[in-house]
Amino acid sequence: NQIPIGRTRALHVDPSIISCVYHITPNWKKESGGELRIHEDGEEPVTVKYVPNRLVIFDASIPHMVDIGKLVRYTLHVPFAIQEAGEKNG
């Protein structure tokens with residue numbers, strides 16, 4: 001995934017069970033912004049700072065968003081779904 005400078009990713013849920021987001025941008029600084037915000041029911045959002053080489057794993061059904069960044073923000077997003085025994089891929 002790539003989020004351009006000055007852009008955000010609006011509040012959403014992912015169509016999977018678990019989301020894994022790996023932070024790739026090597027020159028990211030604390031002041032660059034681009035935090036991941038996870039919004040649990042009625043709670044204050046949990047803020048996850050963008051740190052290069054960090055892997056964030058969370059429940060994909062929980063609403064989340066990405067704040068505006070001052071650099072191009074690159075991540076590798078891997079969604080996981082759990083297949084029941086005996087189910088066929090389709």
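Each residue takes its place number in the sequence, starting with 1.
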| query | Are the side chains of M65 and T8 in touch, meaning some heavy atoms are under 4.5 Å apart? | reply | yes
| query | Given the rule that I, L, V, M, F, W and Y join up when any side-chain heavy atoms are under 4.5 Å apart, are V72 and Y22 in one cluster? | reply | yes
| request: Show the numbers, then the answer: is there a side chain to side chain contact (heavy atoms under 4.5 Å, CB included) between R73 and V66? | output: CA-CA 10 Å; R73 181 184 190 275; V66 176; 3.6 Å; yes
| Flag side-chain contact, heavy atom, 4.5 Å: V48 against R54 | yes
| query | Would you say the side chain of H12 lies within less than 4.5 Å of the side chain of P63, judging by non-hydrogen atoms? | reply | no
| said: As an exercise, state the distance from CG of D59 to CD1 of I38, rounded to the nearest 0.5 Å. | reply: 9.5 Å
| Test item: F58 and L36 side chains (from C-beta on) under 4.5 Å apart, heavy atoms | yes
| query | Do H64 and H39 have ring centroids that are under 6.0 Å from one another? | reply | no
| Can a donor-acceptor pair be found between the side chains of Y50 and T25 at a distance below 3.5 Å? | yes
| query | What heavy-atom pair brings P26 and P52 nearest, and what distance separates the two atoms? | reply | O-CG, 3.7 Å
| request: Would you tell me whether D14 and S16 have side-chain atoms, one donor and one acceptor, within less than 3.5 Å of each other? | output: no
| query | Are I5 and I24 connected, step by step, through hydrophobic side chains (Ile, Leu, Val, Met, Phe, Trp, Tyr) whose heavy atoms are closer than 4.5 Å? | reply | yes
| Min side-chain heavy-atom separation L55-H23 under 4.5 Å | no
| How about E44: does its CD atom have over 12 heavy atoms from other parts shown lying under 6.0 Å from it? | no
| Joint cluster assignment, V13 & I18, ILVMFWY side-chain distance < 4.5 Å | no
| message | Is there a side-chain contact between R37 and D67 in this structure, where contact means two heavy atoms from C-beta onward sitting under 4.5 Å apart? | response | yes
| query | Is there side-chain contact between I17 and F80, with at least one heavy-atom pair below 4.5 Å? | reply | no
| note | So NZ of K70 and CH2 of W28: to nearest 0.5 Å the spacing works out to 10.0 Å
| request: Answer with yes or no whether the hydrophobic clustering places Y74 together with L76; edges join I, L, V, M, F, W, Y residues whose side-chain heavy atoms lie under 4.5 Å apart. | output: yes
| said: Nearest 0.5 angstrom please: H77 NE2 to S19 OG, how far? | reply: 3.0 Å
